[in-house]
Amino acid sequence: MTEQQQLLQVVTKAADDKRAENITALNMEGISPVADYFVICHGNSDKQVQAIAREVKEKAEELGFDIRRMEGFDEARWVLIDIGDVVVHVFHREERVYYNLERLWGDAPHVDVLMS
């Protein structure tokens, strides 16, 4: 397992632990110069969105990954967590439907990450 795949598993499990909904991972290699993987999920309240983002950040840092940037935490509508090769998008439900990143990046293959 590559370092990126390990990070991908850690962040999706962290989101799942905080009951994030509809967790989706997209392989962005060759599609976006920004990151190799996007993880997209949502919460149903501001507090849940913040809890998911906080857990993702803490679990990634525990493994020694640097959080390059985290934006939108205070507003809790769309939190973007840049962890280098993996970018995590934690949405509030309405924003996820509105922005529909899965459709925007429809060419990206889905990655099966939650193996429980």
Side-chain angles (χ1 to χ4, degrees):
M1 182 181 295
T2 68
E3 192 174 83
Q4 290 95 341
Q5 290 168 329
Q6 182 186 13
L7 177 58
L8 192 60
Q9 293 238 305
V10 166
V11 299
T12 53
K13 183 179 181 330
D16 189 52
D17 287 349
K18 292 299 177 183
R19 296 199 163 98
E21 295 191 16
N22 197 9
I23 300 168
T24 303
L26 302 175
N27 184 335
M28 302 301 289
E29 292 176 291
I31 297 172
S32 171
V34 175
D36 289 341
Y37 297 98
F38 279 179
V39 175
I40 306 165
C41 62
H42 71 268
N44 294 310
S45 69
D46 293 0
K47 286 191 185 308
Q48 186 185 19
V49 168
Q50 289 176 334
I52 295 165
R54 191 178 299 111
E55 186 76 1
V56 165
K57 178 182 182 290
E58 288 173 4
K59 295 300 181 189
E61 288 175 335
E62 283 174 16
L63 280 182
F65 290 98
D66 288 329
I67 306 301
R68 292 184 178 175
R69 171 172 269 166
M70 186 157 92
E71 295 181 8
F73 184 83
D74 292 337
E75 296 83 8
R77 304 307 293 175
W78 178 357
V79 181
L80 184 138
I81 308 162
D82 181 352
I83 317 171
D85 292 328
V86 176
V87 174
V88 182
H89 302 268
V90 184
F91 284 98
H92 199 286
R93 180 197 310 257
E94 294 85 26
E95 270 69 18
R96 183 172 188 175
V97 170
Y98 179 79
Y99 289 103
N100 198 353
L101 291 187
E102 291 93 334
R103 192 195 55 181
L104 178 66
W105 298 107
D107 294 347
H110 288 250
V111 180
D112 186 17
V113 287
L114 286 178
M115 296 160 230
S116 357

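Heads up: numbering here begins at 1 and tracks the sequence.
- Between Arg96 and Glu102, at least one side-chain N (NZ, or NE/NH1/NH2) sits under 4.0 Å from a carboxylate O, which counts as a salt bridge.
- Taking all atoms of both residues into account, the shortest heavy-atom contact from Ile23 to Cys41 is CG1-CB, 3.9 Å.
- Taking 4.5 Å as the limit, some side-chain heavy atom of Gln6 sits within range of a side-chain heavy atom of Leu63.
- The shortest non-hydrogen separation linking Phe73 to Val79 is CA-CG2, 3.8 Å.
- A single hydrophobic cluster is not seen to contain both Leu80 and Phe65; linkage of ILVMFWY side chains at heavy-atom distances under 4.5 Å, directly or through other members, places them apart.
- Note on ring orientation: taking the six-membered ring where Trp is involved, the planes of Phe38 and His89 are perpendicular (angle over 60°, cut-offs 30° and 60°).
- For the residue pair Ala35 and Gly84, the shortest heavy atom distance occurs at CB-O, 3.9 Å.
- Inter-residue side-chain proximity for Leu101 and Leu104 is flagged as met; some heavy-atom pair is nearer than 4.5 Å.
- Hydrophobic clustering of Ile, Leu, Val, Met, Phe, Trp and Tyr side chains at less than 4.5 Å, counting indirect connections, keeps Trp78 apart from Met70.
- Annotation: the span from Gln50 atom CD to Glu55 atom CD amounts to 14.0 Å, rounded to 0.5 Å.
- A 4.5 Å side-chain heavy-atom check between Ile67 and Asp82 finds every atom pair outside the cut-off.
- Considering all non-hydrogen atoms of both residues, His92 and Asp46 come closest at CD2-OD1, 3.2 Å.
- With hydrogens and angles ignored, the 3.5 Å screen pairs a side-chain donor or acceptor of Thr12 with a backbone N or O of Leu8.
- Residues Phe91 and Ile40 meet the side-chain proximity criterion, which asks for heavy atoms closer than 4.5 Å.
- Within the model, atoms CD of Gln5 and CG of Asp85 stand 11.0 Å from one another, a figure rounded to the nearest 0.5 Å.
- Side chains of His42 and Val90 form no contact here, defined as non-hydrogen atoms less than 4.5 Å apart.
- Judged by distance alone, the side chain of Gln4 and the main-chain N or O of Asp36 form no donor-acceptor pair under 3.5 Å.
- Between Arg68 and Ile83 the shortest side-chain heavy-atom distance does not fall below 4.5 Å.
- The pair Arg69-Glu71 counts as a salt bridge, with a side-chain nitrogen and a carboxylate oxygen less than 4.0 angstrom apart.
- Distance check, rounded to the nearest 0.5 Å: CZ of Arg77 to OH of Tyr98 gives 13.0 Å.
- A single hydrophobic cluster is not seen to contain both Val111 and Met28; linkage of ILVMFWY side chains at heavy-atom distances under 4.5 Å, directly or through other members, places them apart.
- Rounded to the nearest 0.5 angstrom, Arg54 CZ and Lys47 NZ are separated by 9.0 Å.
- For Arg19 against Gln48, the heavy-atom pair with the smallest separation is O-NE2, 2.8 Å.
- Asn27 contributes a side-chain N or O that, together with a main-chain N or O of Glu29, makes up a donor-acceptor pair within less than 3.5 Å.
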* Test log, rule side-chain contact (heavy atoms from CB on, under 4.5 Å), inputs Val87 and Val39 -> CA-CA 6 Å; Val87 174; Val39 175; over 6 Å; no
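- Side-chain contact check for Leu26 versus Tyr37: every heavy-atom pair is 4.5 Å or farther apart.
- With respect to the salt-bridge test (charged N to carboxylate O, under 4.0 angstrom), the residues Glu61 and Lys57 qualify.
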